[in-house]
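Before any comments, here is the structure.
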Amino acid sequence: MIDGKRRAHRLGVATALIAVAAAALMLASCKVTVGSDHESGRGSAQGSAAPSAGASANDGANSALGSASAAPSASSSKPASPKPTTPPKTGNTGAGPRATPANVGVPNGTKLTDLAANLDGKSYRVQKDNTVLDKVHIKGDLLITAYNVKITNSQIDGGVLDEYGGKKYSFTLSDSTVGPATGCDPDPGVGESDYTATRVHIRGHSDGFRASGNNINIQSSYVYLCQYPNAHSDGIQTYMTGHDLTLNNTTIDQRDVQDVTAPIFIADNGSVNVAVTNNLVMGGTYSIQVKNAKGTVIVKNNSLVDHSWIYGPVESDCSVAQWSGNQLVTIDDNYNITKVVGPLNCN
């Protein structure tokens, strides 16, 4: 897999430069450098072609961050809180509108403010608890080393990561687009622990969501995976994970990837209490893999595009999972279900 590469690629350079970055940030007196504005919007739904929702166009205007009282601070003189503010232990498992490129990601007409990199010349790092980022455009990665960070209506051209220096933090991410408009990033789009993602559009990543901790709640999101050689693509992958993982009402399209594992790859021995509900998935070797989990394991009302897999539709622990209402379907180019082929049984 690519876990070692992720830490070397994302955080290795940051370790070498952290002293210099910290000194520079303290001199910034908590100001945020703002570049030119952009206007961004959700794109039209697409089928197998890579969508470009959330792409921005320069409009030359200036705008502020979402809330003046919640503007991000470059650094904090206080140590990080000892305990994270985490999402609810149980996420919503109800059905909702099908997540497509047309209804997730940065909302249409949103004006985005460029947020200048403050780490290694490429990334933006949040270090203050309860920071809010609203309507911002980060032209690289977003590194979260604080608790209870909130990101809304924003575009991040790299990935969103909340693990650093052996610690894991917490955030919520909603109505935002993650990933480059072109090219393919081998690292996961969103991870690692204690996060809620709602109406998020992940594009330009060979891995979508990473689950490497507790209290992960993914809702009504859309993931379009790209081909990166030897990356073993996954829509969601557990890796040294923990308890309470919910994946609900999310569309994961992996049909154009050759070096692939699965749209749903929840196979870590640490998984406890898992709910996989109301999702539409396609592609992979075995498309739905829910294995080795303990506690309450629910796989319910999911739709799998018929014959989109390489080896088979399912490889899961059928004796453990509460398996019901899953089905094989066909879809159109806008991810609408055109036909229910039949039930999807657990194997």
Side-chain angles (χ1 to χ4, degrees), residues 2-3 5-6 9-10 38 40-57 99-108 110 112 114-115 117 122-124 133 135-144 151-163 171-192 195 197-211 218-229 231-237 247 250-257 259-260 263 281-283 335:
I2 57 176
D3 305 283
K5 181 182 183 302
R6 179 175 181 81
H9 176 66
R10 299 292 191 209
H38 298 268
S40 184
R42 292 170 175 154
S44 60
Q46 299 184 28
S48 59
S52 59
S56 58
T100 74
N103 59 19
V104 304
V106 182
N108 289 327
T110 302
L112 301 177
D114 285 344
L115 201 53
K122 300 178 182 178
S123 307
Y124 187 84
L133 300 179
K135 301 182 180 68
V136 301
H137 180 199
I138 298 173
K139 297 180 180 179
D141 298 321
L142 173 59
L143 174 62
I144 297 169
I151 309 104
T152 61
N153 306 303
S154 294
Q155 180 175 321
I156 299 94
D157 291 345
V160 180
L161 175 70
D162 72 342
E163 181 179 1
F171 67 94
T172 62
L173 175 68
S174 63
D175 299 293
S176 295
T177 300
V178 177
T182 60
C184 189
D185 189 328
D187 295 327
V190 176
E192 303 272 330
Y195 68 85
T198 307
R199 294 180 301 279
V200 174
H201 180 176
I202 297 180
R203 64 185 186 185
H205 284 269
S206 67
D207 272 17
F209 292 101
R210 172 64 58 86
I218 300 165
Q219 300 285 337
S220 301
S221 294
Y222 170 82
V223 181
Y224 182 88
L225 298 162
C226 59
Q227 166 64 22
Y228 192 92
H232 302 284
S233 171
D234 298 291
I236 179 172
Q237 180 189 4
L247 176 68
T250 291
T251 300
I252 303 176
D253 191 341
Q254 200 178 34
R255 290 174 294 182
D256 288 343
V257 184
D259 295 321
V260 62
V281 299
M282 57 217 79
Y335 298 99

Quick check: closest heavy atoms across [X] and [Y], and the distance to 0.1 Å?
X	Y	answer
C184	Y228	O-CD1, 3.4 Å
V104	S221	CG1-CA, 4.5 Å
F171	G191	CE2-O, 3.8 Å
R199	N103	CD-O, 4.4 Å
V178	G159	CG1-CA, 4.1 Å
P107	D175	CD-O, 3.7 Å

Task: Audit row: Y195, I218, side-chain contact (heavy atoms from CB on, under 4.5 Å) steps and yes/no - done: CA-CA 8 Å; Y195 68 85; I218 300 165; 4.0 Å; yes
Open item on the list: side-chain contact (heavy atoms from CB on, under 4.5 Å), that's the test. Do Y224 and D256 meet it? Break it down for me.
Closed with: CA-CA 9 Å; Y224 182 88; D256 288 343; 2.5 Å; yes
Open item on the list: What I want to find out is whether D157 reaches K139 closely enough, with some N-O distance under 4.0 Å, to be called a salt bridge.
Closed with: no
- [ ] Go through the steps to decide whether L161 and D187 satisfy the test side-chain contact (heavy atoms from CB on, under 4.5 Å), and finish with yes or no.
- [x] CA-CA 10 Å; L161 175 70; D187 295 327; over 6 Å; no
Open item on the list: Check the orientation of Y222 and Y335. Use parallel for under 30°, tilted for 30 to 60°, and perpendicular for over 60°.
Closed with: perpendicular
Task: Rounded distance [0.5 Å steps], CG in L142 versus CG in L173 - done: 8.5 Å
Open item on the list: In the structure I gave you, are the side-chain heavy atoms of P101 and H201 within less than 4.5 Å of one another anywhere?
Closed with: yes
- [ ] Taking the side chain as every heavy atom from C-beta outward, state whether S154 and V136 have any atom pair closer than 4.5 Å.
- [x] yes
TODO: Identify which one of D207, T250, L247 satisfies the side chain to side chain contact (heavy atoms under 4.5 Å, CB included) criterion when paired with I236.
DONE: L247
Open item on the list: One pair to check against side-chain contact (heavy atoms from CB on, under 4.5 Å): M282 and T251. What are the steps and the verdict?
Closed with: CA-CA 9 Å; M282 57 217 79; T251 300; 4.1 Å; yes
